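On a predicted model such as this, the values are computed, not experimentally measured, just so you know. Reckoned from all heavy atoms, side chains included, excluding hydrogens, waters and symmetry mates.
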Amino acid sequence: MVSVLSSLSSSAIEQALQRLKFDGVLRSKFEVVLDFLDYSPALMPSVGRGAMAPKPGSVGYVVNLGNKFRAGRAVLAPAQPGTAEDPLMDDILETFYGFAPAELPRAVQSHRLAMVAENLSGELLERYIAQELEPLGWVWCSGSSVRAVDFIKHTPDGRTEWHALQVKSRNNTENSSSSAIRKGTDISKWWRFHAKKGRTNWDSFPVEAAGTLSEEGFRAYVRAAGEKFASKSRSEVSL
C-alpha cells in the first residue's frame with residue numbers, strides 16, 4: 001500500500017488509482033513513484049498550467065501525474081519541427097559555409113530535424129535503459145513524473161532509503177538540478193556520449209547488474225524503434 005502523499009488520505013489515493021484504471025504491473029510501479037514523492041515532495045513535478053492546475057496532494061494531482069506516467073510509456077510518436085524557419089539561416093549557410101542556393105532548403109530542414117532528433121535521443125535512451133533496469137526492481141519515472149530523476153529504486157538497507165538515477169544522452173546537455181533530493185537518497189548521474197571526445201560511457205554505467213547495456217545494443221534498439229515507427233506510418237498512409 002502506498003504511503004500518504006502530503007495530506008491526502010490512503011482512501012483518496014486509492015480513489016485516484018481506481019480512476020486511472022492501471023493494470024496490476026503499471027499500478028505497482030506508479031505506487032513506487034508516489035512513495036518516492038511522499039519521501040521527497042520537493043521533486044513533485046507540475047502536472048498542469050495556470051490556476052486550473054491541481055495542487056500537489058490532491059486527488060486531481062495524483063490522477064494527472066498518473067496520466068503523465070502512462071503517457072510517457074505510450075508508443076513513441078516522434079515530434080516534427082514546430083518552430084518557424086528563419087530566413088537568416090539561408091544567408092549564413094550560403095555565405096559562411098558555401099552552400100549553393102539549391103541546397104539551402106534541404107540543409108535548413110536537415111538542421112531542424114537534427115535538433116528534434118537530439119531531443120528524441122534522450123527519450124529513446126530512457127526507454128532502452130528501462131528495459132534492463134525495471135526487471136531488476138528499478139522503476140522508470142516515465143513522463144517526467146519525478147523532477148530531476150529518471151529511475152528510482154526503494155532500498156531500505158539501513159544506510160539509504162532510495163537509489164535514484166539521472167541519465168543524459170550527452171555530457172554537455174543541461175542537467176536538472178538535484179539539490180532538492182532528500183538526504184537518505186543516493187543519486188547517480190550518468191551520461192552516454194562525450195560531446196568533445198566523441199566516446200561513449202557505457203563502461204561507467206552506475207548499475208553493475210545492468211551488464212548487457214551497450215552502445216551497440218542501444219543503436220540496435222533505436223533502429224528497431226525507427227523501423228517500427230516507419231512501418232506503422234506506411235500502413236496508416238495506405239489505409
Pair Glu14, Arg27 - check salt bridge (charged side-chain N to carboxylate O under 4.0 Å, His left out), show working. CA-CA 11 Å; Glu14 181 60 31; Arg27 172 178 168 140; 2.6 Å; yes
Evaluate the criterion side-chain contact (heavy atoms from CB on, under 4.5 Å) for residue pair Leu165 and Ile187; output intermediate values, then yes/no. CA-CA 6 Å; Leu165 174 62; Ile187 180 165; over 6 Å; no
Tell me, with the steps shown, if Trp191 and Val167 meet side-chain contact (heavy atoms from CB on, under 4.5 Å). CA-CA 6 Å; Trp191 50 266; Val167 302; over 6 Å; no
Verdict with supporting geometry, Arg170 and Glu118, side-chain contact (heavy atoms from CB on, under 4.5 Å): CA-CA 9 Å; Arg170 297 166 67 92; Glu118 188 154 335; 3.2 Å; yes
Go through the steps to decide whether Thr155 and Glu161 satisfy the test side-chain hydrogen bond (donor to acceptor under 3.5 Å, both in side chains), and finish with yes or no. CA-CA 5 Å; Thr155 52; Glu161 279 287 319; over 6 Å; no
Step by step, work out the side-chain contact (heavy atoms from CB on, under 4.5 Å) result for Ser40 and Leu43. CA-CA 6 Å; Ser40 296; Leu43 298 181; 4.0 Å; yes
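For the atom pair Ile152 CD1 and Leu133 CG, the distance stands at 12.0 Å (nearest 0.5 Å). Here the CD-CH2 distance, from Gln131 to Trp140, works out to 9.5 Å after rounding to the nearest 0.5 Å. Going from atom CG of Leu65 over to atom OG of Ser58 covers 10.5 Å, rounded to the nearest 0.5 Å. Atom CD in Glu126 sits 10.5 Å away from atom OG in Ser121 (nearest 0.5 Å). Here CG of Leu34 is found 9.0 Å from OH of Tyr61. Values are rounded to the nearest 0.5 Å. The structure places CG of Asp203 at 11.0 Å from CD of Glu215, a figure rounded to the nearest 0.5 Å.
Side-chain N or O atoms of Tyr128 include one that pairs as donor or acceptor with a backbone N or O of Ser214 at under 3.5 Å. A distance-only check finds no donor-acceptor pair linking the side chain of Asp150 to the backbone of Cys141 [under 3.5 Å]. A distance-only check finds no donor-acceptor pair linking the side chain of Lys153 to the backbone of Gly137 [under 3.5 Å]. Distance alone, capped at 3.5 Å, is enough to place a donor-acceptor pair between the Arg147 side chain and the Ala42 backbone.
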Pairs under 3.5 angstrom only: tabulate donor-acceptor contacts from the side chains of residues 45-57 to other protein residues two or more places apart or in another chain.
from	atom 1	to	atom 2	distance (Å)
Ser46	OG	Gly48	O	2.9

Please tabulate, one pair per line, all N/O donor-acceptor pairs under 3.5 Å involving side-chain atoms of residues 91-106, not counting sequence neighbours.
from	atom 1	to	atom 2	distance (Å)
Thr95	OG1	Asp91	O	2.6
Glu103	OE1	Ala100	N	2.8

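Val32 and Val25 fall into different hydrophobic clusters, where Ile, Leu, Val, Met, Phe, Trp and Tyr are joined by side-chain heavy atoms under 4.5 Å apart, directly or via other members. Residues Trp202 and Leu136 fall within the same hydrophobic cluster, defined by Ile, Leu, Val, Met, Phe, Trp and Tyr side chains chained together at heavy-atom separations under 4.5 Å. Cluster membership for Leu113 and Phe229, using ILVMFWY side-chain heavy atoms within less than 4.5 angstrom, is not shared. Hydrophobic cluster membership is shared by Tyr221 and Phe205, with clusters built from Ile, Leu, Val, Met, Phe, Trp and Tyr side chains linked at under 4.5 angstrom.
For CE of Met89, the number of neighbouring non-hydrogen atoms (other residues, nucleotides, ligands) closer than 6.0 Å is greater than 12. A 6.0 Å sphere centred on CG of Asp23 holds more than 12 heavy atoms belonging to other residues, nucleotides or ligands. By the 6.0 Å contact criterion, CZ on Arg199 is enclosed, its count of non-hydrogen atoms from other residues, nucleotides or ligands being greater than 12.
Of all heavy-atom pairs between Phe193 and Thr200, the closest is CD1-CG2, 4.0 Å. Heavy-atom minimum distance, Lys197 versus His194: N-ND1, 3.1 Å. Summarising the geometry of Val63 relative to Leu20, their closest heavy-atom pair is O-CD2, 3.3 Å, with the distance given to 0.1 Å.
Ring geometry for Phe22 against Phe30 counts as perpendicular: the plane angle is over 60°, on a 0 to 90° scale with 30° as the lower cut.
The shortest side-chain heavy-atom distance between Phe151 and Ile129 falls under the 4.5 Å cut-off. Here the side chains of Phe218 and Leu124 are in contact, with some heavy-atom distance below 4.5 Å. Residues Val59 and Arg19 are in side-chain contact: their nearest non-hydrogen atoms beyond the backbone lie under 4.5 Å apart.
Side-chain N/O atoms of Gln166 and Trp190 include no donor and acceptor closer than 3.5 Å.
With respect to His154, the ring pair (Phe, Tyr, Trp, His ring centres under 6.0 Å) criterion is satisfied by exactly one of Tyr39, Trp138, Phe36, Trp162: Trp162.
Between Glu134 and Arg73 there is a salt bridge, since at least one side-chain N of the basic residue sits less than 4.0 Å from a carboxylate O of the acidic one.
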